[in-house]
Amino acid sequence: MNLKKRAFGRWLCVLSTVLFLGGAGRPPSAGETTSGARDTGRSELSLDGAWEFRQTERTEWAAAVVPGCVHLDLMRLGLIPDPFDLDNENKVQWVEKEDWEYRKIFEVPPALFRRAHLDLVCYGLDTFARLTFNGRRLGETNNMFRTWRFDLKPFLREGRNELCILFASPVLMEQGLERKLATKLPGNAPHVRKAPFHFGWDWGPRLATSGVWRSLGLEGWDGARIESLQVLQDQLNPKFAALRLKAEILADNEFSARTEIIVRGTDGQRLEHAAKDIRLKAGQNSVEYKLRIRNPALWWPAGMGGQPLYTFRLNLSRGHTPLDLSSIRTGLRTLTLEQKPDEWGTSFRFAANGVPFFAKGGNWIPADVFLPRLTRQKYERMLRDFRSANMNMIRVWGGGVYESPEFYDLCDELGLVVWQDFMFACQMVPGDAEFRENVRAEAEGVVKALRHHPSLALWCGNNECEEGWFHWGWKESLPSSVWDDYQALFDAILPQVVQAHDPGRPYWPSSPHSLTPGDPRSPASGDMHYWGVWHGREPFEQYQQISHRFLSEFGFQSFPLLETVKAYARPQDWNIASPVMELHQKHSEGNRLILHYLLDRYRLPKDFESLLWLSQVLQAEGMKMAVEHFRSRMPRIMGALYWQLNDCWPVASWSGMDYFGRWKALHYYARRFYSPVLVAPIARDGRLEVFLISDLQQPLGAQLAWSLMTYGGRLVASQSAAVSLEPGRIKIAFSKSLEELMAGEEDRDAYLYFELQSNKEVLGSNIYHFSRLKKVDLPNPEITFSLEAGTGDTLVVRLTARRFAKDVSLEASGLEGRFEDNFFDLLPGRAKLVRFISPARIKLEDLSRALKIRSLRDTY
Ligand code: BMA
């Protein structure tokens with residue numbers, strides 16, 4: 001994970017004073033603070049699209065695309081191979097050591113040229129950019145997370161203009177910055193404000209790219225412009241919401257202006273309207289509106305209620321001339337982090353509108369190494385798939401990026417609560433004034449850009465920096481001044497920024513962190529990253545000993561299935577120890593650990609494809625064991641976010657969904673272990689306790705049935721009992737000795753099946769195996785299937801098995817879509833119907849031809 005540092009002489013840029021931080025920090029493509037000159041008063045010229053680029057002073061200018069990055073441009077021209085394929089990552093390492101230059105020649109329309117102010121607004125420059133405009137120096141940047149705004153007026157010509165952006169090698173810049181400091185800091189390029197994962201991670205390639213990674217454009221305005229909007233919620237009750245709308249307006253002189261606010265509900269219906277005349281002064285101004293919304297519709301996390309959203313639009317005008325408009329969309333809710341003393345220490349739980357909820361979800365990493373490739377469609381598909389798996393929370397991990405506006409908009413719409421890290425991970429930080437000011441400006445920009453999202457629950461300072469200091473030997477090996485620098489940033493600057501610009505939203509210094517100073521792993525308070533299983537080689541059963549208050553990380557790796565492996569390895573590489581496969585396994589112990597755990601529980605798989613497949617079942621079983629236990633400890637434990645939801649390239653990793661969006665066994669399992677009602681049989685010390693866990697909002701009467709079956713198909717015993725489920729509660733349905741439950745059967749011959757029903761609907765089911773499955777002689781299940789037309793255009797697979805079948809999986813390679821359920825168990829004589837979900841219209845014959853069915857017994 002550590003960057004190998006090399007000594008290199010390098011220019012370091014001195015930041016010019018020409019630049020200043022931009023406003024709300026939303027790319028124009030998001031469509032909120034922007035629109036054409038006609039109705040806003042502000043006029044714009046997007047500079048996205050066709051550009052040119054070259055390797056500084058070495059090559060000719062060639063075609064480039066903005067937003068983009070140098071690797072994508074080089075790939076498009078065939079100048080580098082696809083770094084995701086084979087071992088090409090190694091072959092493109094030279095790119096990060098070079099400087100790259102981008103230019104665009106463009107015409108400025110006369111109407112825009114006549115504006116009193118013309119700014120160049122860049123929503124993402126990665127990272128060390130020197131900008132020149134018409135040959136004159138405009139300024140420099142040093143942070144890919146900031147929005148940069150430059151005053152172009154003095155430089156602009158009527159007609160043809162040229163913008164040039166020179167990107168210095170981020171690696172050489174890091175080395176130069178590192179040399180300036182006396183102490184070498186731990187972390188991946190810790191001096192550079194660039195996505196840490198770009199420098200390589202234990203699931204990601206090292207592809208430290210450069211380029212204009214987000215939109216940029218010209219903004220022309222006269223007199224004044226709206227810099228930011230904020231909605232503050234003073235009171236919220238069923239009758240009304242008392243709100244304040246605050247706007248920051250920048251004016252270039254003193255004059256009288258009119259502001260007008262319009263509030264609309266989810267359906268677009270106009271709810272409120274008010275106007276105010278104000279006297280603007282030159283410089284910063286603020287205007288505040290007090291608003292009341294009657295009978296507010298509350299925003300809820302997924303599974304708890306709906307996600308109604310309100311839009312607040314502010315128009316700014318002088319007389320009848322519109323100057324600017326800006327709008328934000330938000331939801332009305334309270335979303336609090338409750339830390340209250342209790343019998344186990346201090347709680348750590350989130351509550352929506354006063355109702356505490358168990359956080360179910362995972363950790364998000366950037367969904368592509370090459371960020372500009374991400375589209376709203378890809379975000380939408382992935383986020384919907386998280387929600388489909390009954391998740392309600394996502395942690396945006398601190399080693400990636402602050403995600404794009406679309407990401408957070410979708411989280412608002414889907415009810416996915418966001419835990420947002422600031423972008424620092426597994427590192428210490430420099431303490432010089434320039435670095436601190438840079439981070440302060442970054443944090444202000446980000447907080448102002450994201451604070452209106454109702455899904456946003458928490459600002460967290462960093463990922464595992466405190467953990468590293470106290471548990472990875474840094475405290476012992478580094479001077480204490482490094483800890484002072486840590487505290488200056490994470491205990492002072494960042495919480496101050498949150499307090500000033502987003503008061504009311506909780507700030508948590510690090511993940512993990514606790515209320516006991518110096519003990520980020522305390523079980524009594526705060527959140528916890530539990531890595532005893534995996535890094536610590538402890539068995540899965542160890543999860544059942546955990547009683548920390550909120551598990552924000554725990555995980556286990558698997559390989560992607562063959563269809564994804566095919567995207568980077570040829571048949572001759574299909575061996576997990578081949579160089580290509582090892583390059584797509586970034587954790588040095590990864591393959592060894594997978595095999596270590598696998599042989600503990602399953603038989604040796606017969607071939608490469610079976611190994612890939614079985615690694616996914618192993619991972620899914622591990623996470624199932626963890627989450628079922630965590631949920632059974634509610635309300636002591638109130639969150640389970642597994643590591644990790646997704647991938648940034650095709651690779652062996654902890655993800656539940658691979659780079660192409662294919663669901664691994666884990667994601668299907670998650671849909672079950674995060675379901676609102678869960679039956680969880682958990683064995684400890686020779687006894688089996690069966691927990692009934694409900695996240696529903698109402699009590700429910702149900703019937704719990706259990707049967708003892710042999711793998712060969714004999715029903716030994718069965719029983720059932722009426723049970724009641726309480727909202728937000730767990731209940732132990734029964735607790736019996738394993739011996740009694742086995743009723744004289746051998747442990748490797750029999751299993752227990754549990755099913756919970758209410759009004760003839762199966763709310764949940766689960767299986768308890770008395771023995772490790774490697775010891776069980778699984779019978780041939782003799783699975784048969786037929787295909788049927790379902791509702792609409794869908795196709796349904798009907799499956800039956802003659803004998804018990806573990807982890808039945810359906811694959812339809814080459815067809816777009818996925819099966820609604822997968823990696824499930826089949827019981828003899830019980831049919832299972834599985835829908836194939838596809839955006840395309842799939843023919844029955846095609847699905848029949850592509851369909852591949854297997855189960856655990858097929859792996860050996
Ligand atoms: C966690 C994360 C990542 C890492 C993962 C697996 O601690 O924060 O840094 O990828 O572990 O090792």
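Quick note: numbers below take in every heavy atom, side chains included, and nothing from hydrogens, waters or symmetry partners. Since this is a predicted model, take the numbers as computed values, not measurements. Both ligands and their constituent atoms are indexed starting at 1 by order of listing.
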- Query: Hey, looking at atom 11 (O) of ligand 1, which of Phe556, Trp397, Trp531 has the closest heavy atom?
  - Reply: Trp531

- At a 4.0 Å threshold, what atoms of ligand 1 neighbour a non-hydrogen atom of His535? 6 (C), 12 (O)

- Salt bridge check: are Glu174 and Lys194 linked by an N-O gap of less than 4.0 Å? no

- Task: Run the numbers for me: atoms of ligand 1, each under 4.0 Å from some heavy atom of Trp201, listed by number.
- Result: 3 (C), 4 (C), 9 (O), 10 (O)

- Just let me know how His587 lines up against ligand 1, side chain, backbone, both or neither, with a heavy-atom cut-off below 4.0 Å. neither

- Closest by any non-hydrogen atom to atom 5 (C) of ligand 1: pick that one out of Phe554, Trp643, Phe197. Trp643

- Query: Would you call Trp534 a ligand 1 contact, heavy-atom distance under 4.0 Å?
  - Reply: no

- Message: Would Trp654 count as a polar contact of ligand 1, with the cut-off being nitrogen or oxygen pairs under 3.5 Å?
- Response: no

- From CA spacing to verdict: salt bridge (Lys or Arg N to Asp or Glu O under 4.0 Å), Arg601, Glu541: CA-CA 12 Å; Arg601 312 186 86 85; Glu541 284 72 15; 3.2 Å; yes

All N/O donor-acceptor pairs, side-chain side in residues 385-392, below 3.5 Å, sequence neighbours left out:
{"residue": "Asp385", "atom": "OD2", "partner": "Trp663", "partner atom": "NE1", "Å": "2.9"}
{"residue": "Arg387", "atom": "NH1", "partner": "Gln307", "partner atom": "OE1", "Å": "3.3"}
{"residue": "Arg387", "atom": "NH1", "partner": "Leu414", "partner atom": "O", "Å": "2.5"}
{"residue": "Ser388", "atom": "OG", "partner": "Arg384", "partner atom": "O", "Å": "2.9"}
{"residue": "Asn390", "atom": "ND2", "partner": "Arg671", "partner atom": "O", "Å": "2.8"}
{"residue": "Asn392", "atom": "OD1", "partner": "Lys360", "partner atom": "N", "Å": "2.7"}
{"residue": "Asn392", "atom": "ND2", "partner": "Phe358", "partner atom": "O", "Å": "3.0"}

- Item | Residue that, paired with Arg395, satisfies side-chain hydrogen bond (donor to acceptor under 3.5 Å, both in side chains) out of Gln420, Glu553, Gln644 | Glu553

- Is the closest basic N to carboxylate O distance between Glu178 and Lys184 below 4.0 Å? yes

- Message: Evaluate His529 for polar contact with ligand 1, using N/O atom pairs at a separation under 3.5 Å.
- Response: no

- Message: I need the contact type for Ala425 against ligand 1. Using non-hydrogen atoms and a strict under-4.0 Å cut-off, is it side chain, backbone, both or neither?
- Response: neither

- May I ask you to identify, for Gln644, whether its side chain, its backbone, both or neither come under 4.0 Å of ligand 1 on a heavy-atom basis? neither

- Message: I'd like to know whether Phe424 forms a ring-ring contact (aromatic ring centres under 6.0 Å, His included) with Tyr486, so could you lay out the CA-CA distance, the side-chain angles of the two residues, the decisive distance to 0.1 Å, and finally the verdict.
- Response: CA-CA 11 Å; Phe424 299 89; Tyr486 171 97; 9.3 Å; no

- Item | For Glu553, the ligand 1 atoms whose distance to one of its heavy atoms is below 4.0 Å | 1 (C), 2 (C), 7 (O), 8 (O), 11 (O)

- Item | Contacts of Ser809 that satisfy side-chain contact (heavy atoms from CB on, under 4.5 Å) - sequence neighbours left out | Trp613, Glu811, Asn822, Phe823, Arg854

- Query: What atoms of ligand 1 come closer than 4.0 angstrom to any heavy atom of Asn463?
  - Reply: 8 (O), 9 (O)

- Task: Tell me whether the centres of the aromatic rings in Trp483 and Phe470 are closer together than 6.0 Å.
- Result: yes

- Message: With side-chain hydrogen bond (donor to acceptor under 3.5 Å, both in side chains) as the test, pick out the partner of Tyr669 among Lys624, Glu621, Gln616.
- Response: Glu621

- Task: Heavy-atom distances under 4.0 Å are what count here, so tell me which part of Trp203 touches ligand 1: side chain, backbone, both or neither.
- Result: side chain

- What atoms of ligand 1 come closer than 4.0 angstrom to any heavy atom of Cys426? 9 (O)

